[in-house]
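Heads up: the structure comes next, in structure tokens.
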Amino acid sequence: MSSKADRENVALAVSGASGSVIARRFAAAVLEQGFHLQFVCTRYGRLTWEHELEESLDDALAELGALGKLTVHKPGDMASALASGSFPVRAYAVIPCSMASAAAIATGVGTSLVHRMADVAIKERRPLVVIPREAPLSPIHLRNLLTLSEAGATVLPPMPAFYQRLESLEEVVGEIVQRALAAVGLIGELPQGMQWGGGE
Ligand SMILES: Cc1cc2nc3c(=O)[nH]c(=O)nc-3n(C[C@H](O)[C@H](O)[C@H](O)COP(=O)(O)O)c2cc1C
């Protein structure tokens, strides 16, 4: 018997900022939970992914799509289902979110499917998590991120919880992915080990 998650879509947009590893782990976690992943990646998202992960995006998508629960959209395809609020999507994520994409989403300039997808999430008041990555952040970046937050998105910078004394980048990424899943309601609560006072 199929579960409810089997029939539900989760959308992930990848843009050209550092942090592709977070997107890859988030995609895997969404698929592990049984959701159908709707995926879109910008030109520079692809370039960054291939540089940072040392794998071709197409190979990664072939692996992630092995269970037949992955749909890949082209970033320029405004006729895609993701461009419409009539397409049911339970949760949206932009991971990582470049400052260029943050600016485009904050101003509503939906010239790429990545931006239009986030625009749809905001106008339909659906859960949206944005993991921005830039350092340092300029006043322009901060204003755009504030706009996204005020519009209802969860802005989740990949800042480690140092108090958890995580020992590897893998652990840090795992923690951020859990926070992203929780932010859009794909997990009910953070794993116990990540809760202050929650024990191991
Ligand atoms: C290897 C690489 C790393 C980059 N890292 C970042 C980053 O961390 N944050 C950022 O805002 N832009 C970064 N950029 C610049 C963006 O890719 C650039 O602004 C691009 O136009 C973003 O377009 P997109 O949002 O459509 O992917 C990076 C570019 C490259 C080539």
Side-chain angles (χ1 to χ4, degrees), residues 10-27 30 37-61 64 70-84 89 91-123 128-161 169-170 172-177 179-180 183-184:
V10 172
L12 169 63
V14 176
S15 70
S18 186
S20 320
V21 64
I22 307 170
R24 203 193 197 294
R25 290 274 294 276
F26 181 86
V30 164
L37 184 67
Q38 306 287 337
F39 182 93
V40 57
C41 180
T42 69
R43 177 179 169 202
Y44 283 99
R46 176 182 286 269
L47 191 151
T48 312
W49 182 297
E50 296 187 342
H51 173 74
E52 292 187 343
L53 299 178
E54 295 180 316
E55 67 175 350
S56 93
L57 179 62
D58 293 336
D59 287 352
L61 292 176
L64 291 165
L70 174 72
T71 302
V72 180
H73 303 258
K74 292 197 171 79
D77 182 11
M78 290 303 164
S80 146
L82 278 184
S84 172
V89 176
Y92 297 79
V94 184
I95 308 173
C97 184
S98 73
M99 292 305 104
S101 278
I105 299 165
T107 51
V109 183
T111 50
S112 142
L113 182 59
V114 168
H115 313 147
R116 172 61 187 167
M117 181 205 89
D119 204 37
V120 167
I122 291 168
K123 84 183 173 78
L128 167 66
V129 62
V130 170
I131 299 192
R133 195 274 151 198
E134 188 48 280
L137 291 162
S138 76
I140 296 167
H141 302 150
L142 290 165
R143 274 190 210 105
N144 287 331
L145 295 173
L146 176 61
T147 300
L148 298 187
S149 177
E150 287 174 342
T154 298
V155 177
L156 180 71
M159 296 176 180
L169 184 59
E170 199 181 327
V172 171
V173 169
E175 189 227 315
I176 293 158
V177 167
R179 285 186 193 278
V184 288

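The structure presented is a predicted model; accordingly, all values stated were derived computationally and were not measured. Computation of the quantities below employed the complete heavy-atom set of this structure, encompassing side-chain atoms and omitting hydrogens, waters and symmetry-equivalent molecules. Atoms within each ligand, like the ligands themselves, are counted from 1 in listed order.
Atom CD1 of residue Ile122 and atom OH of residue Tyr92 lie 11.0 Å apart, to the nearest 0.5 angstrom. How far CG of Leu145 is from CD of Glu150: 11.5 Å, rounded to the nearest 0.5 Å. To the nearest 0.5 angstrom, His73 atom NE2 is 11.0 Å from Leu12 atom CG. Of the inter-residue distances, the one linking Glu55 atom CD with Arg24 atom CZ reads 4.0 Å to the nearest 0.5 angstrom. Note: Leu61 CG to Cys41 SG = 8.0 Å, rounded to the nearest 0.5 Å. The structure places NZ of Lys74 at 11.5 Å from CG of Leu113, a figure rounded to the nearest 0.5 Å.
When each atom of ligand 1 is checked for a heavy atom of Ser18 under 4.0 Å away, the hits are 5 (N), 6 (C), 7 (C), 8 (O). Near Met99, meaning under 4.0 Å from any of its heavy atoms, are these atoms of ligand 1: 10 (C), 11 (O). Every atom of ligand 1 with a heavy atom of Leu47 under 4.0 Å away is listed here by number and element: 31 (C).
The protein non-hydrogen atom at the shortest distance from atom 10 (C) of ligand 1 is Glu134 OE2, 3.4 Å. Looking from atom 9 (N) of ligand 1 to the surrounding protein, the closest heavy atom is Arg133 O, 2.6 Å. In this structure, atom 17 (O) of ligand 1 lies nearest to the protein heavy atom Gly16 O, 2.5 Å.
Residue contacts with ligand 1: Ala100 is placed with no nitrogen or oxygen under 3.5 Å of a nitrogen or oxygen of the ligand (distance criterion only). Geometrically, ligand 1 and Thr48 share no nitrogen or oxygen pair separated by less than 3.5 Å. For ligand 1, the polar-atom distance check finds an N/O of Thr42 within less than 3.5 Å of one of the ligand's N/O atoms. For the pair Ser98 and ligand 1, the shortest N or O to N or O distance falls below 3.5 Å.
Closest approach of Arg133 and Met99 over heavy atoms only: N-CE, 3.8 Å.
A salt bridge links Asp58 to Arg46: at least one charged side-chain nitrogen sits closer than 4.0 Å to a carboxylate oxygen.
Under the 4.0 angstrom criterion for non-hydrogen atoms, His51 is not in contact with ligand 1.
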